[in-house]
Amino acid sequence: MNADLVEKLLYDFNNGSITALGKLITRVENRQPGWMKIMKQIFPCTGNALIIGITGPPGAGKSTLTNVIASELAGKGYGIGIIAVDPTSPFSGGALLGDRLRMAPTLELENVFVRSMATRGVLGGLSRSVGDAASLMDAFGKDVIIMETVGVGQDEIEVIHATDLVILVCVPGMGDSIQAIKAGIMEIADIFVVNKADREGADQVVADLKSMIEMQCHTDGPGPEIFKTVAVRGDGVFRVAEHAVKLGNQNKQHADAAKRRISNQIKTLARQKINSWMEASWSHNGDLEMAVRRVMKKESDPYSVVEEMLAPVKGMFTKEKQHD
Ligand SMILES: Nc1nc2c(ncn2[C@@H]2O[C@H](COP(=O)(O)OP(=O)(O)OP(=O)(O)O)[C@@H](O)[C@H]2O)c(=O)[nH]1
Ligand SMILES: [Mg+2]
């Protein structure tokens, strides 16, 4: 029954059904039966989309900017996927600017697929769900996938690390809070956008960013570019979109980035497998409870019980042992 359903969904997906794309994302996200078959089957069709991360403090205008970038690129014929992580503001699927739609009569809303993900709290769950959803959109044939996140938690930073290009959105009035943006994100930003440039202080932010970029002394080029935008009016966004696509495609050519991404993916999947094996086998047969009791009574110690419990997979840990 389930197998039939999955087959049918994959068939519809291959025939361009947006509904099937949505359903497959849900199925994979919830790890429902057949999820792994789905991911294995679509894998050969992945790797073509350009994945852009948009991050920055709450309220900076990330969603507004994402919508306009999506509209601009969809108007040029790109298929767009948007993944919004814990969104607090609604997405219109690229239709935010009514007049822009009129300017681009060829734009069809089906070109823009929007998906929200709110899996905060499940450790490692967010980057997993976002990564799988992006792969599905990629295999579906989307050309550009934009991920919006506020980039605060460890999980979100993992999400950002898995993109081809990172846009960091700043706003006037942040003052010293530029320093407060997660250092790790600052360093991996490929493009800086100073949004809300209709407000006072935008030039100051640009100057602050410039001196910060100079301090980071980029040996292999001029360093990331800074753009000023007024996303609510769409001002300056086209140049951002154009530069993002160009630079993102260049980044995508670097084999190192692909290697790092695949290596991370393999490690993450292996970790998940090991974790679920541990949960299933130890909790199921009461080994864990028994071990806890023995340690509490001082009949054994945590180190010895772990060795005993890992006896079935002992060979796996011989390398690690050298460091004991
Ligand atoms: N004045 C001005 N307001 C803007 C601009 N861009 C966005 N806004 C407004 O800023 C508010 C927040 O915009 P969002 O796009 O929701 O910001 P966000 O970064 O996605 O917010 P979160 O997802 O909640 O972190 C909205 O009221 C927008 O209309 C801009 O260029 N100028
Ligand atoms: Mg938002």
Side-chain angles (χ1 to χ4, degrees), residues 51-74 80-101 112-121 126-127 129-130 133-134 144-160 163 165-175 177-178 180-182 184-186 188-206 208-209 225-244:
I51 304 181
I52 296 177
I54 293 194
T55 189
K62 299 178 297 296
S63 302
T64 315
L65 198 71
T66 300
N67 269 313
V68 185
I69 291 178
S71 297
E72 299 275 12
L73 294 178
I80 311 290
I82 296 176
I83 301 174
V85 173
D86 278 347
T88 53
S89 41
F91 271 87
S92 58
L96 182 84
L97 301 177
D99 52 353
R100 234 148 239 281
L101 269 177
V112 182
F113 178 84
V114 184
R115 179 76 185 203
S116 299
M117 299 257 152
T119 45
R120 195 166 280 172
L126 184 68
S127 49
S129 300
V130 171
V144 177
I145 296 162
I146 307 175
M147 298 175 176
E148 181 202 330
T149 122
V150 280
V152 284
Q154 188 53 42
D155 254 16
E156 292 201 347
I157 289 171
E158 260 178 53
V159 168
I160 285 296
T163 58
L165 175 116
V166 178
I167 299 176
L168 179 59
V169 186
C170 304
V171 278
M174 283 167 54
S177 63
I178 285 197
I181 298 175
K182 277 266 180 190
I185 294 261
M186 212 68 172
I188 60 163
D190 300 284
I191 296 176
F192 288 94
V193 168
V194 178
N195 188 42
K196 306 199 183 182
D198 52 328
R199 294 197 177 160
E200 215 173 299
D203 289 329
Q204 186 56 47
V205 182
V206 172
D208 290 350
L209 286 172
E225 272 196 54
I226 306 168
F227 293 88
K228 277 199 291 187
T229 58
V230 183
V232 270
R233 299 204 299 251
D235 295 356
V237 182
F238 179 67
R239 287 176 56 227
V240 177
E242 209 177 36
H243 187 61

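Atoms within each ligand, like the ligands themselves, are counted from 1 in listed order. This one's a predicted model, so the numbers in the text were calculated from it and none came from an experiment. Residue numbers run from 1 in the order of the sequence given.
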Completion exercise
ligand 1 atoms nearer than 4.0 angstrom to some heavy atom of P58 are 25 (O)
Problem - Residue pair L65 / V237, side-chain heavy-atom distance below 4.5 Å - result: yes
Practice task
Answer yes when D203 and K228 have at least one side-chain N-carboxylate O distance shorter than 4.0 Å, and no when they do not.
Solution key: yes
Handout entry: Shortest non-hydrogen contact between V166 and I188, atoms and distance
Key = CB-O, 3.7 Å
Completion exercise
atom 8 (N) of ligand 1: of K196, R233, K228, R199, the nearest heavy atom sits on K196
Handout entry: Close N or O approach (G61, ligand 1; < 3.5 Å)
Key = yes
Exercise for the section: Could you tell me which non-hydrogen atom of M117 sits nearest to which non-hydrogen atom of A133, and how far apart they are? Expected result: CE-CB, 3.4 Å
Handout entry: Heavy-atom check, side chain of D208 versus side chain of V206, under 4.5 Å
Key = no
Completion exercise
Short version for E148: what comes under 4.0 Å of ligand 1, heavy atoms counted, is side chain
Problem - Passing candidate, side-chain contact (heavy atoms from CB on, under 4.5 Å) with I69, options T66, N67, L73 - result: L73
Fill in the blank from the handout: Nearest non-hydrogen contact to atom 6 (N) of ligand 1 from the set T229, N195, V193, V171 belongs to N195
Handout entry: Under 2.8 Å: N/O/S of T64 next to the Mg ion (ligand 2)
Key = no
Fill in the blank from the handout: Here the pair of heavy atoms bringing C170 nearest to V205 is CB-CG1, 4.1 Å
Practice task
Could you tell me which atoms of ligand 1, counted from 1 in the order shown, lie closer than 4.0 angstrom to a heavy atom of V230?
Solution key: 31 (O)
Exercise for the section: Pull out every atom of ligand 1 sitting under 4.0 Å from any heavy atom of D198, numbered as shown with elements. Expected result: 1 (N), 2 (C), 30 (C), 31 (O), 32 (N)
Practice task
Specify which N/O/S atom of E148 comes nearest to the Mg ion (ligand 2), by atom name.
Solution key: OE2
Problem - Per-residue contact class, L65 against ligand 1 - non-hydrogen pairs under 4.0 Å - result: neither
